[in-house]
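We name chains A, B, ... by the order of the sequence lines, and we start the count at 1 in each one. Heavy-atom basis, side chains included; hydrogens, waters and symmetry copies ignored.
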Amino acid sequence: MKSVNNVDSIVFMGTSDFSLKALVAIREAGFNVVRVYTQTPKPAGRGYAIQKSVVYKYAEASGIPIHCPKNFKSVEEVERFRSIGANVAVVAAYGLIIPQVLLDIPPRGFINIHASKLPRWRGAAPIPAAILAGDTVTGITIMKMDAGVDTGDIITMGDLYINPEMSSGQLSQELSDLGAAKIVETLKKLDFSLLSARKQSEKDVTYAPKITKESCRIDWMHSAEDIRRTIKAFSPEPGAWTEIKGHRLKIFDAEVAVAEIDKNDYESRNLCHSEILHENSAAGLILDAAKFFCVDKPVHLSGMLAFCGKGVLRLLDVQLAGKKRMSGDAFIRGRRDLVGQVAG
RNA sequence: CGCGGGGUAGAGCAGUCCGGUAGCUCGUCAGGCUCAUAACCUGAAGGUCGGAGGUUCAAAUCCUUCCCCCGCAA
């Protein structure tokens, strides 16, 4: 039986932690990775030290030849790739555009691991997009690459349920495990996989918008649930943030403390905010503990609380610029001067 | 040499400019009050102030140097 094809010459292209899992899995499954492409080590971080990608470090330690072109626009780079003579190329979170001339080179083409169920969330940031949208299920797509952005024919998919507690970081880890398993499965029966590929439906296409600094900024006028999802979607990187007393505060985790509340029905042991609330400008107000009267029952809330456009959020994991990351509880205990401030 | 913040009790912070008793909010432990409480009151334990030198009668604080943590930017 010819189930294991002649795929003993694989080129792997990837940069992030997400791709590293796939690379490791491919090698552990016994495939021969003959070359690794990853993004150029570049000055980054404090002091602009040269940073190698995790994939670079792994390949280096494993003795796999590494190549880091800036792009594939030159004939030289294309020919260099051709000279490897690879049977198939696997791409996962690489970060460079692969032109058609390159896609045409390997006999069995390019295969991509994408962190969503295509055609939902095409684009660069599918994981935060799924959380932000409140999706209850997402997954992995293994596809044949074509020249479009995540438009290739689908080989296989894997499902993953999003539990509401999950942050992008956790989801990304689980998806990378799933992706690693799926790519190995695909490579093991490569010819069959390629034959069974089917076109994407053009009906349910959505795009995952690029993440910007501004899209990570919290709008406290939104509901507590919306803001909670924003926080989860950008945790731990790059981190949802707000500004308080002129300083940037990142929020890595939060939970809805009260989904809905009549803003007049509460008191706080620390200070009386009724005048602020009457002005309807309470969104973003930070408190450290409060007692609410919902219907006829008093509800005691502890921890670091933030009023939203609708409801109250409990901030669980925060970090002020320049300080350590800590629980909201500890943070607000030490920074009582921030109680009663309005974040924005 | 990219810009910047920080290291003080188990946690989070103030005090540092201008040297002179180690302080705050919590937590912990013990007791009290209350119908009751994530409320309140009383008391206790817990620190070689990141390390090493130096100046001084005296250093958390001033000088030199080293280590560690973090934000921005890329």
Expressed in whole Å, how much space separates the C1' atoms belonging to B/C63 and B/C70?
26 Å
Nearest whole angstrom, please: distance from the P of B/C13 to the NZ of A/Lys245.
14 Å
Starting at CE of A/Met326 and ending at C1' of B/C69, how long is that distance when rounded to a whole Å?
11 Å
Quick check on B/C68: is either OP1 or OP2 less than 4.0 Å from any side-chain nitrogen or oxygen of A/Lys324?
no
Any residue of residues 46-55 of chain A with a heavy atom less than 4.0 Å from an atom of RNA chain B:
A/Arg46, A/Gly47, A/Tyr48
All salt bridge (Lys or Arg N to Asp or Glu O under 4.0 Å) counterparts of A/Glu237, not counting sequence neighbours:
none
Whole-Å gap separating P (B/G6) and CZ (A/Arg335):
11 Å
Using atom C1' of each nucleotide, how far apart are B/C41 and B/C33 to the nearest Å?
7 Å
Does a donor on one side chain and an acceptor on the other come within less than 3.5 Å for A/Thr138 and A/Ser116?
no
For atom CG of A/Leu315 and atom C1' of B/G12, their distance in whole Å:
16 Å
Distance between C1' atoms of B/A60 and B/C49 (Å, rounded)
5 Å
B/A74 and B/G12, which share atom name P, separated by this distance in whole Å
31 Å
Which base sits across from B/C18 as a Watson-Crick or G-U pair, both distances under 3.5 Å?
none
Taking for each residue the nucleotide of RNA chain B with the nearest heavy atom, is it A/Arg333 or A/Ala44 whose nucleotide lies nearer the 5' end?
A/Arg333
I need the CG-C1' distance between A/Leu249 and B/C70, as an integer number of Å.
14 Å
State the pairing partner of B/A11; accept Watson-Crick or G-U wobble contacts with both distances under 3.5 Å, and report none otherwise.
B/U25
Proximity to the side chain of A/Arg248 - top-ranked nucleotide from B/C13, B/A11, B/C72:
B/C72
Work out how far the P atom of B/U16 is from that of B/U56, and round it to whole angstrom.
24 Å
Atom CG of A/Leu320 to atom C1' of B/G4: distance rounded to whole Å?
13 Å
Between A/Pro238 and A/Arg336, just flag the one whose closest nucleotide in RNA chain B comes earlier from the 5' side.
A/Arg336
What residues join A/Tyr161 in its hydrophobic cluster, counting side-chain heavy atom gaps under 4.5 Å, either direct or through other members?
A/Val137
Closer than 4.0 Å, any side-chain N/O of A/Gln319 to the OP1 or OP2 of B/G71?
yes
For B/U65, which nucleotide is its Watson-Crick or G-U wobble mate, given both distances must be under 3.5 Å?
B/G51
Only counting residues at least two apart or in another chain, list the ones meeting side chain to side chain donor-acceptor pair (under 3.5 Å) with A/Asp159.
A/Lys117
Please measure how far the P atom in B/A11 lies from the corresponding atom in B/C17, and state the result in whole Å.
26 Å
Considering every strand shown, what is the Watson-Crick or G-U wobble mate of B/G71 when both distances are under 3.5 Å?
B/C3
Separation of A/Arg325 atom CZ from B/G5 atom C1', in whole Å?
18 Å
Report the C-alpha distance between A/Arg314 and A/Glu255 in whole Å, list the side-chain angles of each, state the deciding distance to 0.1 Å, and finish with yes or no for salt bridge (charged side-chain N to carboxylate O under 4.0 Å, His left out).
CA-CA 5 Å; A/Arg314 177 180 290 113; A/Glu255 63 188 11; 2.8 Å; yes
Between B/C26 and B/U34, how many Å separate the two C1' atoms, rounded to a whole number?
23 Å
When you compare B/C66 with B/A30, how far apart are their P atoms, in angstrom units rounded to a whole number?
48 Å
Within 6.0 Å of CD in A/Glu76, more than 12 heavy atoms from elsewhere
no
Closest to side chain of A/Lys323, choosing from B/G71, B/A73, B/G6:
B/G6
A/Tyr56 and A/Tyr37: aromatic ring centres closer than 6.0 Å?
no
Who are the salt bridge (Lys or Arg N to Asp or Glu O under 4.0 Å) partners of A/Asp337, not counting sequence neighbours?
A/Lys245, A/Arg335
Can you measure A/Asp288 atom CG to B/C26 atom P for me and round it to whole angstrom units?
9 Å
So what does A/Lys250 hit on the nucleic acid, given a heavy-atom distance under 4.0 Å: a base, only sugar-phosphate, or nothing?
sugar-phosphate
Side chain to side chain donor-acceptor pair (under 3.5 Å) contacts touching residues 204-214 of chain A (sequence neighbours left out):
A/Thr212-A/Ser215
If pairing requires Watson-Crick or G-U wobble contacts with both distances under 3.5 Å, which nucleotide is the partner of B/G31?
B/C41
